[in-house]
S.K.: 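Sharing a structure below in structure tokens format, with a few things to ask.
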Amino acid sequence: MELTSLTIPELRQKLQSGELRSREIIDQLAARVEAVDPKLKAYLHLDADKARAAADTANTALPLGGVPIAIKDVINVEGDPCTCASKILQGYTAPYDATVITKLREAGAVLFGRTNMDEFAMGSSTENSSWGITRNPWDLDRIPGGSSGGSAAAVGGHEAFAALGTDTGGSIRQPAALCSCVGLKPTYGRISRYGMVAFASSLDQIGTFTKTTEEAALLLEIISGHDPRDNTSIDRPVPKYTASLGQGVKGLKLGVPKEYFIEGIDSEVEKAVRAAIEEYKRQGAEIVEVSLPHTQYAVAVYYIIATAECSANLARFDGVRYGKRAQNPKDILDMYGRTRAEGFGAEVKRRIILGTYVLSSGYYDAYYNRAQKVRHMIAEDFRLAFEKCDALLTPTSPTPAFKIGERTQDPLQMYLADIFTIAVNLAGICGVSIPCGFTSNKLPIGLQIIGPKWGEETMLRVAHTYEQATPWHKEKPPI
Ligand code: GLN
């Protein structure tokens, strides 16, 4: 087996037995990137020599000692560029490490490259990147999903062992499903966002891309926890997530929300997810039907709340403090206006305009306040559902990866890519997407497992059971 197809526990075993040195891992991974990234374009920036130097001093006794991890271009790593795939941050260098990066370093990880994304994490296909499109490792004519498409393509294409991403409405789970990886979005407040560039602060969470659930559990253990520098992070002990695996699902109740099998869902996706539900029955779980009656409003509510919050968060990119500044301004207003007009792409502008509108006086009550009320109803739906079951099973994405360019002219069609993931962010709960098979033309399908707040242990246990019973996570991409 090629080294780049190994999992983190397999790498660690070789590192600790002395069969492999961390530098060799970096060498082989960098060679793989050189070979496939001209086609995939998952990375925006990679300094392999810096990674080699870090590998040489890595302490392999630590939980991630000598293991390279790729980082979405929205999380600050001191001394590296951090552009959020936006022209407005071209040339910006991160002055400090995000808390998750500090935690990775403390665990011995080697930071390896910056991955592509939709500009400021707004999108579902990575086509909104200012630096070019990332391709799906399973079919180069198709999108990898988004917004963390670079992280998903890197892990799915075996040019990263694991990667960090962010998920505001599905940006980890949807691309993970489309690239056949495990993509985990933890409970809101589980992981510090200090040093992550904010999109919609009441929804954003950092999470992971890996080949297996065991690796997802391991990374979650390392990057979770309270941080006084992010006051939305919750002071709650971090369980040993890896210890919750391997217990099977006997005695668990798994809910299937009837609203998640809607018209418009691809028939092969539906078939694969229904087969997964059957597998859970065989494994001894009790399947119960549940209802999440406000699901149909989730996309509308999200595009009011997320745009409102982004219009406030992105106000900081004004040409004064960060990155790009327009040349030869007439006066300060001209400087602000032209910096933003030249620096932001079309989707980001669309959202800032929408968000400013829904917050403006006269419309605030009609849109923003009403959306907040419906958001509570959506969260309440989940609370009631979790009185009847331990976790929910749903498709991650209604369709497999679509063709590049297929939805760029139709924002609404693009927004529907997240129809099954968005409500999880609105409710602040946790979700994971795991490989669930392939379509007849070999495109990956994802199964989403949703847990209640702080339900990561059960959610991972449920995910691991299916993974152990199926071969999907072991399939190698054609690239
Ligand atoms: N695709 C959704 C959006 O465009 C979600 C993005 C995300 O989770 N960052 O907003």
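Just so we're clear, the structure is a prediction, and the values are computed from it rather than from any experiment. Only this structure's heavy atoms are used, side chains among them; waters, hydrogens and symmetry mates stay out. Atoms within each ligand, like the ligands themselves, are counted from 1 in listed order.
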S.K.: Hey, what polar pairs (N/O, under 3.5 Å) does ligand 1 make with protein?
M.R.:
from: ligand 1; atom 1: 1 (N); to: G123; atom 2: O; distance (Å): 2.9
from: ligand 1; atom 1: 1 (N); to: S124; atom 2: OG; distance (Å): 2.8
from: ligand 1; atom 1: 1 (N); to: D418; atom 2: OD2; distance (Å): 2.5
from: ligand 1; atom 1: 4 (O); to: G123; atom 2: N; distance (Å): 2.9
from: ligand 1; atom 1: 4 (O); to: Y303; atom 2: OH; distance (Å): 3.3
from: ligand 1; atom 1: 4 (O); to: R351; atom 2: NH1; distance (Å): 3.3
from: ligand 1; atom 1: 4 (O); to: R351; atom 2: NH2; distance (Å): 2.7
from: ligand 1; atom 1: 8 (O); to: T168; atom 2: N; distance (Å): 2.8
from: ligand 1; atom 1: 8 (O); to: G169; atom 2: N; distance (Å): 2.6
from: ligand 1; atom 1: 8 (O); to: G170; atom 2: N; distance (Å): 3.3
from: ligand 1; atom 1: 8 (O); to: S171; atom 2: N; distance (Å): 3.0
from: ligand 1; atom 1: 8 (O); to: S171; atom 2: OG; distance (Å): 2.7
from: ligand 1; atom 1: 9 (N); to: A121; atom 2: O; distance (Å): 2.8
from: ligand 1; atom 1: 9 (N); to: T168; atom 2: OG1; distance (Å): 3.4
from: ligand 1; atom 1: 9 (N); to: S171; atom 2: OG; distance (Å): 2.7
from: ligand 1; atom 1: 10 (O); to: Y302; atom 2: OH; distance (Å): 2.6
from: ligand 1; atom 1: 10 (O); to: R351; atom 2: NH1; distance (Å): 2.7

S.K.: Do the side chains of K403 and D141 get close enough for a salt bridge, i.e. N-O under 4.0 angstrom?
M.R.: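 No salt bridge links K403 with D141.
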S.K.: Do R351 and F120 form a cation-pi contact, if we require the NZ or CZ to be under 6.0 Å from the six-membered ring centre and within 45 degrees of the ring's axis?
M.R.: no
S.K.: Do Y302 and Y415 have ring centres separated by under 6.0 Å?
M.R.: no
S.K.: For the residue pair Y260 and F420, does the interplanar ring angle fall in the parallel (under 30°), tilted (30 to 60°) or perpendicular (over 60°) class?
M.R.: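 Parallel: the ring planes of Y260 and F420 meet at under 30°.
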S.K.: Where the side chain of K103 meets the backbone of S224, is there a donor-acceptor pair that is under 3.5 Å apart?
M.R.: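 Such a contact is found between K103 side chain and S224 backbone.
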S.K.: Check each of R173, K72, K185 against D167 using the salt bridge (Lys or Arg N to Asp or Glu O under 4.0 Å) test, and report the only one that passes.
M.R.: R173
